[in-house]
Novice: 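Have a look at the structure that comes next, please.
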There are 2 protein chains.
Amino acid sequence: MSPHLASDSLTQRLADSGLRSTPQREVVYSVLLRKRDHPTAEEVFARVKTELPTISLATVYNCLETLVQCELVRAVNFERSPTRYCPNLRPHAHFHDEQTGRTYDIDLPPAVLAEVNQVLPAGFDASSVEITFRGQARATS
Amino acid sequence: MSPHLASDSLTQRLADSGLRSTPQREVVYSVLLRKRDHPTAEEVFARVKTELPTISLATVYNCLETLVQCELVRAVNFERSPTRYCPNLRPHAHFHDEQTGRTYDIDLPPAVLAEVNQVLPAGFDASSVEITFRGQARATS
DNA sequence: CGATTGTTTGGAATAGTTCCAATTCCAAGT
DNA sequence: ACTTGGAATTGGAACTATTCCAAACAATCG
Ligand SMILES: [Mn+2]
Ligand SMILES: [Mn+2]
Ligand SMILES: [Zn+2]
Ligand SMILES: [Zn+2]
């Protein structure tokens, strides 16, 4: 029988880091993949509880941190509001709609990324860039 | 006699917002202008205390918020670490050195800013963009 | 002046997250 | 199968940055 891909790549990534695949980790990850709306830890907690009613918030935080460290999930911060979690691994920026609070992924073409890195003077060696827009989005998707 | 410019523009800006110029606000602002190393509220508090030994941390937070609202100062967030404050009003990105924790201003040419805004699909109306680099900086300044 | 409104202050409260010690789970090794 | 050592989970306490609050203080106005 062929299990679905996501859970396999999860098991693989965890193994690569010497970590175990657990029901908690699997459900936390699947919840992120299922609804890609950049939920907070509390929101993930609420969603996971429908499948694992006894999971604790501490475990959700643990799992999310693990997923971030395995580079399966990105932690996204807006100002000082609660951290949000994003399973989109392509290079992308975030657009935060100030009215609705919704967060949108904005694909970043390599050319733009290269251009942005050009602004760094000699001596600055960037390992990552983060681009965040704030404004108003007309409801499309 | 001609007072120095900074405190004047501060008084002006505050007045524009219907706010008063106070010793606390002036010293908080002057401390930010004097050492532009993106201090946290606690660091500002420590610096201001040498001039106003009885100022409270709550007041520092109040003053900083006021300055941000008057658009004389930018609040800078890096992940979930304490908010830092920056009196540089030109469009610029931030470079966070992961080793030293230091934050550098990186000037953003209008052309790059325009290019970055190009990535937004129709329907996304951005009021601001924030660009943050993380990496290692060779000590220059 | 007295009244009004804005500002500061210290301390309490809040929120998001992390820490901790106790339990539970699991994978080998016997 | 049974032990056992490490990994993972759990509930609750602790922590930290920030905000809230009510009282004191200060400036401005009539
Ligand atoms: Mn918002
Ligand atoms: Mn750092
Ligand atoms: Zn995203
Ligand atoms: Zn800056």
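Everything quoted here is computed from the prediction, not taken from an experiment. Below, chains carry the letters A, B, ... as their sequence lines are ordered, and counting in each starts from 1. Below, each value reflects all heavy atoms present in this structure, side chains not excepted, and no hydrogens, waters or symmetry copies.
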Novice: C:dT17, OP1 or OP2 - any side-chain N/O from A:Tyr61 closer than 4.0 Å?
Specialist: yes
Novice: For residues A:His96 and A:Gly101, report the shortest heavy-atom separation together with the two atoms involved.
Specialist: CE1-O, 3.7 Å
Novice: Answer yes or no: does a side-chain N or O of A:Ser56 lie under 4.0 Å from OP1 or OP2 of D:dT10?
Specialist: yes
Novice: What does A:Ser81 touch in the nucleic acid at a heavy-atom separation under 4.0 angstrom: a base, only the sugar-phosphate, or nothing?
Specialist: nothing
Novice: Pick the nucleotide of DNA chain C nearest each of B:Gly18 and A:Glu65; which residue has the one closer to the 5' end?
Specialist: B:Gly18
Novice: CD1 of A:Ile55 versus P of C:dT23: gap in Å, rounded?
Specialist: 21 Å
Novice: In whole angstroms, how far is the P atom of C:dT7 from the CD atom of B:Glu26?
Specialist: 13 Å
Novice: Does a salt bridge link B:Arg134 with B:Glu79, judged by any charged N lying under 4.0 Å from a carboxylate O?
Specialist: yes
Novice: Return the value, rounded to whole Å, for the distance between atom CD of A:Glu43 and atom C1' of C:dG16.
Specialist: 13 Å
Novice: Counting side-chain heavy atoms from C-beta on, which of D:dT9, D:dT18, C:dT9 comes nearest to B:Ala58?
Specialist: C:dT9
Novice: Considering just the side-chain nitrogens and oxygens of B:Thr54, establish if one lies under 4.0 Å of OP1 or OP2 belonging to C:dT8.
Specialist: no
Novice: Do any side-chain nitrogens or oxygens of A:Gln24 fall under 4.0 Å of OP1 or OP2 in D:dT10?
Specialist: yes
Novice: Consider only side-chain heavy atoms of I, L, V, M, F, W and Y, link residues closer than 4.5 Å, and tell whether A:Ile55 and A:Tyr61 are in one cluster.
Specialist: yes
Novice: Quick check: on DNA chain C, is the nucleotide nearest A:Ala41 upstream (toward 5') of the one nearest A:Asn62, or the reverse? Name the residue that is more 5'.
Specialist: A:Ala41
Novice: Whole angstrom is fine here: how far is it from CG in B:Leu57 over to P in D:dA17?
Specialist: 10 Å
Novice: To the side chain of B:Thr59, which of D:dT18, C:dT9, D:dT9 is closest?
Specialist: C:dT9
Novice: Assess whether a salt bridge exists between B:Arg47 and B:Asp37, defined as any Lys/Arg side-chain N lying under 4.0 Å from an Asp/Glu carboxylate O.
Specialist: yes
Novice: Within this structure, what is the NZ-to-P distance between A:Lys49 and D:dT9, rounded to whole angstrom?
Specialist: 17 Å
Novice: When you measure from the side-chain N and O atoms of A:Thr22 to the phosphate of D:dT9, is any distance below 4.0 Å, counting only OP1 and OP2?
Specialist: yes
Novice: Do the charged groups of A:Arg13 and A:Glu71 touch, with an N to O distance under 4.0 Å?
Specialist: no
Novice: Compare side-chain N and O positions of A:Arg80 against OP1 and OP2 of D:dA17 and report whether any pair is under 4.0 Å apart.
Specialist: no
Novice: Atom CG of A:Leu19 to atom C1' of D:dG6: distance rounded to whole Å?
Specialist: 13 Å
Novice: Any side-chain N or O of B:Arg20 below 4.0 angstrom from OP1/OP2 of D:dA26?
Specialist: no
Novice: Classify the nucleic acid contact of A:Thr83 as base, sugar-phosphate or nothing, counting any heavy atom under 4.0 Å across all strands shown.
Specialist: sugar-phosphate
Novice: Less than 4.0 angstrom from a charged side-chain N to a carboxylate O is my criterion; do B:Asp107 and B:Arg90 meet it?
Specialist: yes
Novice: Let me know the distance between CD of A:Glu79 and P of C:dA15, rounded to the nearest Å.
Specialist: 18 Å
Novice: Nearest whole angstrom, please: distance from the P of D:dA8 to the CG of A:Leu10.
Specialist: 12 Å
